[in-house]
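What follows is one structure encoded as C-alpha cells, with my remarks underneath.
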Amino acid sequence: MTSMMALIGELWRLERHILSDDYDRALKRLADELPMKIHEVASGTRVWTWTVPEKWTCREAYLETLDGKRLIDAKHNPLHVVSYSLPFEGEVSREELLAHLHVHPHLADATPFVFKYYQRDWGLCAPQTLRDSLKDEKYRVVIRSEFTPGSLKIGEVLVPGERKECFVVAAHLDHPAMVNDDLTGVVVGVEAARRLLAGPKPYYSYRFLFFPETLGSIAYLSRNEKLIPQMLGGLFLEMLGNDAPHALQRSFAADAPADRALVGALRGVEPGAHVGGFRNVIDNDERQFNAPGVRVPMLSLSRVVNPHLEGSRFYPYKEYHSSLDTPEIVSEERLEASVRLTMDLLAAFDRNRYVVNIFKGEVFASGYGLWVDYKSDAAGHKRRFEIMDRCDGTRRVADIAEELGLSFQAVWDVIDKLIEKELVSLSDEPQPTDPHLR
Ligand SMILES: [Zn+2]
C-alpha cells in the first residue's frame with residue numbers, strides 16, 4: 001500500500017496530457033493499487049457532440065537565441081510547451097514570438113499551464129520575468145510535436161453494494177507536472193475506494209472514475225447511457241491538498257437527496273465550511289454529469305477559497321495552473337482529512353433513506369433506554385423528540401437534519417439507536433404511516 005504523497009511523488013512529473021503515453025502510464029500505475037477496469041475510446045470516435053482527439057506527443061520543444069543560447073526547454077519542465085501545440089520550427093521575430101509565448105497572470109516567476117486542444121496553434125510558456133528580458137530582434141523556436149491515433153482511457157473501480165443503484169466518485173488524472181489540480185483528487189479517490197472495498201458491503205454501489213477532464217466524463221457517460229438512470233448522485237474530487245478549508249459545491253438540482261445528505265454530513269465535520277451553488281465554487285467534470293440529458297446530481301469537494309470572501313485574490317488557489325503546483329504545496333495530513341471527510345459524505349449518502357416508524361404514539365423513551373434528562377441536557381432532550389416526531393415514513397434522514405438545522409450525523413445517531421431497538425426501519429420509497437394519508 002502506497003501513501004498518498006508517495007503516489008503523488010511517482011506520478012506528478014509525468015506528462016499527463018489528455019491522450020498521451022504518460023497519461024496511460026499513470027492510469028496503469030493506479031490499476032496496480034486497485035481492481036480497475038480500463039475503458040478505451042479510440043481517437044476520432046464521436047462521443048455525443050464531441051470527438052475524441054488524437055494522442056499528442058512532444059519529442060522536443062525549446063526557445064533559443066540565434067547564437068544558440070537555450071532560454072526555455074520542455075525537457076526541464078513539460079509546461080514550457082502548450083499542451084497539444086502544433087509542431088513549429090523556425091526563426092521568428094520578437095513580436096511573433098511574444099504572440100505565442102504565454103505567461104502566468106499573477107505569478108511572475110512561474111511557468112503557466114496552457115492548453116489548446118481545439119484552437120490548433122503553436123505555443124510556448126515561460127515566466128513573465130523571462131518574457132520581459134527578451135530584447136533580440138529574432139529568436140529560434142523548435143516544437144517537435146506529433147498527433148497520432150490513440151485512445152482515451154478511463155479507469156473504473158466498482159465497489160458493489162446491495163443495490164445496483166450507484167454513487168459516482170470522480171477525479172481527473174490529466175495535467176502535466178502538476179499536483180493539486182488534480183492528482184490530489186485522484187489519490188483521495190484511490191484511498192477512499194480502497195477503504196470502501198475493505199469495509200462492510202455498502203447499501204448502494206460506488207463507481208470510482210479516473211479520466212482526462214471533460215472528454216473523459218463525456219466519453220464514459222455516452223458509452224454507458226444505460227447506467228445513467230442508476231446514478232443517484234456523485235462527488236467530483238479536486239484540489240484537496242492546498243492549505244485551505246474544504247468547500248462543497250451543490251449539484252445543478254441543488255436540493256437532491258444527494259445534496260441534502262452530503263451538505264448535512266459536512267455540517268457534522270466542518271460546520272463552517274463553504275457550501276456554494278452549482279458553478280459557483282469551481283467548475284469541472286461535475287458539469288458533464290449534471291448536464292441536460294444526464295442530470296446526475298454530482299457535487300464537488302475541493303479546498304478552493306471562497307471567491308466571495310474578501311481577500312480571495314488567488315482563486316481557486318495561488319499556484320493554480322502553474323509550475324508552482326508541486327508536491328510542496330500539499331500535505332499527507334490534509335489529504336488524509338479529505339479522505340476521512342469523503343468517507344463521511346459517502347456514509348451519509350448510503351444511509352439516507354426514508355425513516356419509517358414501526359412505533360405508534362410517542363415512544364416510551366425511558367423504557368427503551370432512549371431518555372435524555374432535560375434537567376442536565378435540555379437541548380438534547382428536545383432534539384431527540386424533535387427527531388422522533390419526524391420519523392413517519394415521509395422523510396429521509398437528511399430531510400430531518402435539514403428541517404431541524406442539524407448535522408446528518410446528529411440525526412443518524414438517534415436513528416441508529418431507533419433501528420437497533422426495532423422502533424424504525426429504513427426504506428427506499430416513502431411509506432407514510434399517517435392513517436389519514438391512506
Ligand atoms: Zn485544471
Side-chain angles (χ1 to χ4, degrees), residues 8 11-20 22-23 26-27 30 50 53 56 77-85 102-107 110-119 123 125 152-155 169-189 209-220 235-244 246-247 249 276 278-290 298-305 307 312-330 335 338:
I8 284 174
L11 301 180
W12 82 279
R13 283 291 305 200
L14 292 174
E15 297 175 25
R16 293 167 286 112
H17 302 279
I18 51 176
L19 269 76
S20 62
D22 266 7
Y23 171 90
L27 190 62
L30 298 185
W50 299 64
W56 187 75
N77 192 329
L79 295 180
H80 281 312
V81 59
V82 166
S83 182
Y84 275 72
S85 167
H102 305 271
V103 296
H104 199 276
H106 61 252
L107 300 169
T111 301
F113 169 48
V114 178
F115 47 89
K116 293 194 185 288
Y117 303 137
Y118 307 104
Q119 288 123 304
C125 302
L152 180 151
K153 294 188 181 63
I154 300 156
V169 182
H172 74 72
L173 181 60
D174 60 308
H175 277 29
M178 278 169 283
V179 176
N180 198 39
D181 177 18
D182 182 24
L183 211 43
T184 57
V186 169
V187 297
V188 166
L209 300 175
F210 306 97
F211 43 44
E213 69 180 321
T214 309
L215 260 175
S217 297
I218 298 265
Y220 181 85
L235 183 65
F236 190 76
L237 300 172
E238 65 173 327
M239 305 176 189
L240 290 167
N242 56 306
D243 190 8
H246 284 109
Q249 176 177 278
F278 184 64
R279 289 186 190 267
N280 274 297
V281 178
I282 183 83
D283 269 15
N284 220 308
D285 284 87
E286 73 288 336
R287 299 198 315 266
Q288 312 312 327
F289 286 81
N290 281 288
M298 181 180 273
L299 292 84
S300 91
L301 181 67
S302 67
R303 290 177 183 271
V304 167
V305 296
S312 59
R313 185 157 82 90
F314 297 122
Y315 171 82
Y317 61 96
K318 189 177 166 199
E319 302 83 359
Y320 174 68
H321 279 191
S322 85
S323 55
L324 297 183
D325 188 345
T326 65
E328 281 74 60
I329 68 161
V330 308
L335 295 172
S338 296

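Counting starts at 1 for both ligands and their atoms, in listed order.
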Under the ring pair (Phe, Tyr, Trp, His ring centres under 6.0 Å) rule, what do H17 and Y23 come out as? Steps first, then yes or no, please. CA-CA 6 Å; H17 302 279; Y23 171 90; over 10 Å; no

Would the distance check show the side chain of N180 and the main-chain N or O of D325 forming a donor-acceptor pair, the cut-off being under 3.5 Å?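 No, because the side chain of N180 does not come within donor-acceptor range (under 3.5 Å) of the backbone of D325.
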
Any donor-acceptor pair under 3.5 Å linking the side chain of E213 with the backbone of D285?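 It does not hold such a pair.
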
Look at the aromatic rings of Y320 and Y317 and report parallel, tilted or perpendicular, splitting at 30° and 60°.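 Because their plane-to-plane angle is over 60°, the rings of Y320 and Y317 count as perpendicular.
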
Take the angle between the ring planes of F113 and F115 and call it parallel below 30°, perpendicular above 60°, tilted in between.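 F113 and F115: tilted rings.
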
If every non-hydrogen atom of A171 is compared with every non-hydrogen atom of L237, which pair is closest and at what distance?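 Closest pair (atom of A171, atom of L237, distance): CB-O, 3.7 Å.
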
Near the Zn ion (ligand 1), meaning under 2.8 Å, how many protein N/O/S atoms are there?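 Counting protein N, O and S atoms closer than 2.8 Å to the Zn ion (ligand 1) gives 3.
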
